[in-house]
J.: 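Structure in structure tokens, see below.
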Number of protein chains: 2
Amino acid sequence: MQRGFSRRILEGGQLLFKQGEASHGVYCVSSGLIALRCHHEDGSSTLMRLAYPGEIVGYRSFLSNLPHQTEARALLPSRICTVSKQTAERVAGETPGTLGRLANRCLKEIDRSHERIIAAAKLTNKERLADLLCRLMAIHGGQQGAEISMRLPLSRMDLADLIGVQPETMSRLVKRLEEDGLFSFAGREVRMPVASLQEAPELNSLG
Amino acid sequence: MQRGFSRRILEGGQLLFKQGEASHGVYCVSSGLIALRCHHEDGSSTLMRLAYPGEIVGYRSFLSNLPHQTEARALLPSRICTVSKQTAERVAGETPGTLGRLANRCLKEIDRSHERIIAAAKLTNKERLADLLCRLMAIHGGQQGAEISMRLPLSRMDLADLIGVQPETMSRLVKRLEEDGLFSFAGREVRMPVASLQEAPELNSLG
DNA sequence: GAACCAAGTTGACGACGGTCAATCTCAAGG
DNA sequence: CCTTGAGATTGACCGTCGTCAACTTGGTTC
């Protein structure tokens, strides 16, 4: 916290900050994958965002001076660059454009959220899952011949929390996607024929 | 567009700006009610936001220099203060803090969106409708004895677009709320026993 | 008043999702 | 080897929602 910047290594499953904590600064993801999850009073939770390298987390609490609304946890081994609160405030004051770039992150988050609200209203759960898998495939997947495959960075429960369904329903959605021939699953290993990209018309616009 | 500021009167149903248009500046709602609606390729639409007096609309396109993602339409007779693009840019450049205040609007929008995403994931449609009606009642309603009543500023289709269901389902939700004794409906006139505020436990936290 | 149109409602039907309970899998530990 | 426990799956049941179609309502126009 004394020095302005510091690096931190997180293993998969480790916590970056807790929901309800006050802001200690902003965090930049150097490598890995961070999940921002909102816990509810009833014990359930919703996965609000996946933060990839280059993205910034914790800026909402930094800008608004309110407690974190989500917890941040590494899904994969991750390297995080931490900018302490004082340093961040100093840089934002001294360097023009910094605030504007942060505002741009906010706009991105707004667009992301609006897309998700619309998707929740207009698409079926199966379509939303197929969409999500395509996006994950684009990031985590590797192509082998006519197939793309990846190791899912998310458990079934995380997928369920992201789509907004129960784990049982997630199992059924996975089964239905497999029956449709769009994907095939083996635990966290997922394979997708390249043809599937064309099969799901709405997905392209969302990429 | 020449002068920096101008007032504009909109009747209910009139358009403030169209989806896909380039930004011409920012708009401040002086009185009335503005609906921000996103139209989709399939002809359907989603009501993204209701903007009340004191709120600002069109700032996303202004800040990002991208076309409006929504159309803005008056639901009630409204008075709008328009700040042209050049003026807004000049003010933002000259007056420190303006950008920060705009960023605060963005944070509010993010919080609103996140609440809505969580509500969509965790609440039933009936609960979401009851929640929405309570909020509208708090703004548009007047108390008479043990009841609060209002004239809905929204059609059933608008309500459906806001909750994310079909009009037929909205009819059934309304009927079920009436059977539960939480509300009573006569066209756009809605009445609610004050006791209903306590009846719906989750609603309080969302107010 | 008759004709008309949009908004809203109702019914029937099938598909989907939440819930509860039982089972399965797999990896870690004794 | 057996036990344990968490994650994941499956089946059964029921309530809800989307869809299509028919109908009602209310307001506007001629």
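Quick note on labels: first sequence line is chain A, next is B, and so on, each numbered from 1.
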J.: Considering just the side-chain nitrogens and oxygens of A:N125, establish if one lies under 4.0 Å of OP1 or OP2 belonging to C:dC16.
T.: no
J.: For A:E147, enumerate each residue passing the salt bridge (charged side-chain N to carboxylate O under 4.0 Å, His left out) test, keeping only those at least two apart in sequence or located in another chain.
T.: A:R191
J.: Within a radius of less than 6.0 Å around CE of B:M157, do more than 12 heavy atoms belonging to other residues, nucleotides or ligands occur?
T.: no
J.: Are the side chain of A:S78 and the backbone N or O of A:L33 linked by a donor-acceptor pair below 3.5 Å?
T.: yes
J.: Is any side-chain N of the basic residue among A:R112 and A:E109 closer than 4.0 Å to the acidic one's carboxylate O?
T.: yes
J.: Quick check: does any side chain N or O of B:E189 sit under 3.5 Å from a backbone N or O of B:A186, one acting as donor and the other as acceptor?
T.: no
J.: Represent DNA chain D in dot-bracket notation, 5' to 3'. Only Watson-Crick or G-U wobble pairs with both distances under 3.5 Å count; pseudoknot-style crossings use [ ] and interstrand partners use |.
T.: ||||||||||||||||||||||||||||||
J.: Should B:D180 and B:R176 count as an ion pair when the cut-off is N to O under 4.0 Å?
T.: no
J.: Under 4.0 Å from any heavy atom of chain A: name the first and the last nucleotide of DNA chain D that qualifies, 5' to 3'.
T.: D:dA8 to D:dA12
J.: Using atom NZ of A:K126 as one end and atom C1' of C:dA15 as the other, report the distance to the nearest whole Å.
T.: 11 Å
J.: One thing to verify: whether B:E55 and B:R49 come together as a salt bridge, which I'm taking to mean a side-chain N less than 4.0 angstrom from a carboxylate O.
T.: yes
J.: Take atom CZ of A:R176 and atom P of C:dA15, then tell me their distance rounded to the nearest Å.
T.: 11 Å
J.: Mind checking whether B:L159 and B:L173 have side chains closer than 4.5 Å, heavy atoms only?
T.: no
J.: When you measure from the side chain of A:E178 to the backbone N and O of A:F185, does any donor-acceptor pair fall under 3.5 Å?
T.: yes
J.: Relative to each other, are the rings of B:H68 and B:Y27 parallel, tilted or perpendicular (30° and 60° limits)?
T.: tilted
J.: Output one line per pair: protein atom, nucleotide atom from nucleotides 23-26 of chain C, and distance, for all N/O pairs under 3.5 Å.
T.:
none

J.: Take atom CG of B:D161 and atom C1' of C:dG8, then tell me their distance rounded to the nearest Å.
T.: 14 Å
J.: B:R188 near the nucleic acid: base, sugar-phosphate alone, or nothing, with a heavy-atom cut-off under 4.0 Å?
T.: nothing
J.: Under 30°, 30 to 60°, or over 60°: which ring-plane class applies to B:Y52 and B:H140, parallel, tilted or perpendicular?
T.: tilted
J.: Which residues satisfy the side-chain contact (heavy atoms from CB on, under 4.5 Å) test with A:L66, sequence neighbours excluded?
T.: A:R60, A:S64
J.: For nucleotides 9-13 of chain C, tabulate all protein N/O to nucleotide N/O atom pairs closer than 3.5 Å, reporting atom names and distance.
T.:
{"from": "C:dT9", "atom 1": "OP1", "to": "B:R156", "atom 2": "NH1", "distance (Å)": "3.2"}
{"from": "C:dT9", "atom 1": "OP2", "to": "B:S171", "atom 2": "OG", "distance (Å)": "2.7"}
{"from": "C:dT9", "atom 1": "O5'", "to": "B:S171", "atom 2": "OG", "distance (Å)": "3.2"}
{"from": "C:dG11", "atom 1": "N7", "to": "B:R172", "atom 2": "NH2", "distance (Å)": "3.3"}
{"from": "C:dG11", "atom 1": "O6", "to": "B:R172", "atom 2": "NH2", "distance (Å)": "3.0"}
{"from": "C:dA12", "atom 1": "N6", "to": "B:R172", "atom 2": "NH2", "distance (Å)": "2.9"}

J.: Using a cut-off of 4.0 Å on non-hydrogen atoms, how would the nucleic acid contact of B:S155 be classed: base, sugar-phosphate, or nothing?
T.: sugar-phosphate
J.: Any side-chain donor paired with an acceptor under 3.5 Å for A:N104 and A:R101?
T.: no
